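Just so we're clear, the structure is a prediction, and the values are computed from it rather than from any experiment. Chain identifiers are assigned alphabetically (A, B, ...) following the order of the sequence lines, protein sequences preceding nucleic acid strands; residue numbering begins at 1 within each chain.
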Amino acid sequence: MPNIAQENDFFSKVYDVVRLIPYGKVTSYGAIANYLGAKRSARMVGWAMNASHHLEHKIPAHRVVNRQGLLTGKAFFGTGNEMANLLIEENISFDKDLIKITGLENHFWDPMLALAL
DNA sequence: CCGGTGACTCTAT
DNA sequence: TATAGAGCCACCG
């Protein structure tokens with residue numbers, strides 16, 4: 001059972017959960033928000049990810065996609081298909097456009113279940 | 001303190 | 001199957 005640091009900041013909680021995403025797995029903004037008790041606040045999770053770029057802490061933000069498995073944040077990884085490439089290296093299957101995960105259910109990691117709230 | 005902003009998601013048309 | 005609108009709420013200036 002992983003231990004989530006008792007962070008008071010919403011962002012920090014988000015980061016904690018994202019860091020716990022296992023290799024080869026992905027989750028959604030909404031799932032994280034839901035786990036944190038703010039299921040309608042997926043936007044905040046996305047925003048935290050945006051801010052994470054500015055941090056020194058490494059966050060596997062590429063493992064966080066939207067509910068459809070769409071790489072809505074790929075542009076934030078700068079050039080090319082870096083985000084998709086990172087995921088492909090983790091055996092995540094993509095469609096030909098390298099923008100959407102196929103068989104998302106196979107790769108989905110739900111913090112609510114995995115962390116057995 | 002107030003309001004704009006957003007890497008989302010759900011619902012209705 | 002698409003598109004559009006509304007709700008959501010922490011952060012920053």
- Message: Using a heavy-atom cut-off of 4.0 Å across all strands, would you classify A/Ala75 as base, sugar-phosphate, or nothing?
- Response: nothing
- Residues A/Lys25 and A/Glu90 bridged, charged N to O under 4.0 Å: no
- Item | Gap between atoms CE and P, on A/Met44 and B/dT9 respectively (whole Å) | 12 Å
- Reported CH2-to-OG distance for the pair A/Trp109 and A/Ser28, which is rounded to 0.5 angstrom: 11.0 Å
- Common cluster, A/Leu20/A/Leu36, ILVMFWY with side-chain heavy-atom separation under 4.5 Å: yes
- Task: Find the distance A/Met83:CE to B/dA7:P and express it as a whole number of Å.
- Result: 12 Å
- Message: Whether A/Asp16 and A/Lys13 form a salt bridge (side-chain N of Lys/Arg under 4.0 Å from carboxylate O of Asp/Glu) is what I want to check.
- Response: no
- Outer limits of DNA chain C sitting under 4.0 Å from a non-hydrogen atom of chain A, read 5' to 3', are C/dG7 to C/dC11
- B/dT5, B/dA7, B/dC10: which one has an atom nearest the side-chain heavy atoms of A/Ala61? B/dA7
- When rounded to whole Å, the CD1 to C1' distance for the pair A/Ile59 and B/dA7 reads 14 Å
- Query: Passes side-chain contact (heavy atoms from CB on, under 4.5 Å), A/Leu86 versus A/Phe77? Steps please.
  - Reply: CA-CA 10 Å; A/Leu86 287 170; A/Phe77 279 71; 4.1 Å; yes
- May I have the step-by-step check of side-chain contact (heavy atoms from CB on, under 4.5 Å) for A/Ile99 and A/Leu70, ending in yes or no? CA-CA 6 Å; A/Ile99 188 176; A/Leu70 207 62; 4.2 Å; yes
- Check every strand shown and say whether A/Asn50 touches a base, only sugar-phosphate, or nothing at a heavy-atom separation below 4.0 Å. base
